[in-house]
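Here is the structure we will look at.
Order of appearance sets the numbers: ligands from 1, and atoms from 1 within every ligand. Hydrogens, waters and symmetry mates are skipped; everything else that's a heavy atom, side chains included, is used.
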Amino acid sequence: MAQLNIFQKTETLHEARWWEPEANGRAHCYLCPRHCHINPGQAGFCFIRINEGGKLYSLGYGAPAALQVDPIEKKPLNHFLPGTRIFSMGTAGCNMGCFFCQNWDISKSRHDQVHSQHVPPEDVPLLALQHGCASLAFTYNEPTIWGEYVIDICKAAKQHGLKTVMVSNGYITREAFHDIYDHIDAANIDLKAFTENFYGKITLTHLQPVLETLEWLKNETNVWFEITNLMIPTLNDDPAETRKLVDWVLAHLGPDVPLHFTAFHPDFKLRDKPRTPPETLHRARKIAREAGLHYVYEGNIYSDGAHTSCPNCGSLLIRRSWHDVTANYLKQGACPQCGLVIPGVWKKDGADSQRAVHGPSAKYSHLNL
Ligand code: SF4
């Protein structure tokens with residue numbers, strides 16, 4: 001990942017939410033299903049929530065390790081403000097232990113191993129507007145673990161009409177879910193496989209909490225969300241597993257949730273597997289479409305599977321090349337041929353990314369986004 005490193009460190013500790021004190025000065029963090037019980041002077045599994053003197057603090061608060069402007073299609077989101085730029089940020093640490101992590105340089109680093117600078121929440125939307133972005137993404141590492149910062153950035157973003165996006169592994173507790181997602185407009189949730197064996201051995205977590213998060217998103221929020229399944233040869237690309245995943249999505253989330261099958265490349269601890277052949281993604285997409293999903297995409301390859309087509313009449317609606325939108329034929333969110341309304345968020349409703357913004361440009365003039 002091309003990322004921007006910024007070179008001062010935050011000096012202040014921000015007290016965390018979603019924790020309770022325990023005997024002997026320990027702190028129980030219940031932000032994610034790991035439920036870490038953290039001794040004084042120690043950090044949780046994610047590295048960035050630490051117990052100092054019996055209190056839990058978030059080292060991620062105000063301390064991004066990566067800032068970048070991306071096309072929104074890179075998140076990937078194909079039904080949310082297509083063709084726009086999204087201001088993307090991540091911190092150190094992660095609550096999963098994926099052997100194939102493609103951002104491992106920050107996600108597997110402790111806070112003190114990455115270059116970060118204090119960027120207060122209220123500065124983030126100003127930076128986004130200065131860089132012509134319509135939205136903000138909490139991404140690269142797992143944003144749940146810096147949820148306190150996410151919430152405060154979202155509050156500032158709303159004042160500027162900016163949308164907010166979580167790119168998440170979905171590993172969050174019931175106790176924290178609404179606290180964070182009630183501030184979020186869109187999400188892409190990784191459904192990394194459909195077996196507990198894969199989640200247990202390759203990500204060091206469990207499948208069921210991720211499925212529950214997807215159901216909460218569907219049943220309890222207005223968050224627009226899409227799903228990504230990164231296909232790794234021999235580990236999660238069995239057609240029978242794909243069929244089970246698709247059947248679960250259809251039964252629990254319905255046919256209109258976009259599903260992205262994306263290609264793996266060897267990285268971090270998983271360098272003995274080859275890149276995903278395009279045929280694997282073609283096969284998975286065929287399975288999903290034949291089962292009844294309406295919007296199924298292929299990612300990280302050049303493919304016609306990147307386009308959006310009308311599930312009713314088959315007309316091409318949005319043409320993409322990798323992360324670029326090269327044509328958008330939608331008419332007010334509907335198919336121009338048959339009039340079918342296509343689910344998604346197609347238009348900005350308040351953000352004005354072109355207007356002049358007076359903000360912290362001098363303070364962050366060294367950022368080259
Ligand atoms: S957010 Fe971090 S500290 Fe809290 S339970 Fe999860 S891994 Fe542990």
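By the side-chain contact (heavy atoms from CB on, under 4.5 Å) test, His206 pairs with Tyr171, Glu196, Pro209, sequence neighbours left out.
A 4.5 Å side-chain heavy-atom check between Ile202 and Leu235 finds at least one atom pair inside the cut-off.
Between Thr308 and Tyr297, the side chains place a donor N or O and an acceptor N or O closer than 3.5 Å (distance only, hydrogens not considered). Using modelled atom types and a 3.5 Å distance limit, the side chains of Ser168 and Glu142 yield a donor-acceptor pair.
For atom 8 (Fe) of ligand 1, protein N, O or S atoms closer than 2.8 Å were enumerated as Cys36 SG, with waters left out.
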Please list, one pair per line, the donor and acceptor atoms closer than 3.5 Å that link side chains of residues 21-33 to other protein atoms, with sequence neighbours excluded.
{"unit_1": "Glu22", "atom_1": "OE1", "unit_2": "His37", "atom_2": "ND1", "d": "3.0"}
{"unit_1": "Glu22", "atom_1": "OE2", "unit_2": "His37", "atom_2": "ND1", "d": "2.8"}
{"unit_1": "His28", "atom_1": "ND1", "unit_2": "Glu20", "atom_2": "OE2", "d": "2.7"}
{"unit_1": "His28", "atom_1": "NE2", "unit_2": "His35", "atom_2": "ND1", "d": "2.8"}

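Within the hydrophobic cluster formed by Ile, Leu, Val, Met, Phe, Trp and Tyr side chains joined at under 4.5 Å, directly or through other members, Ile38 is accompanied by Trp19, Leu56.
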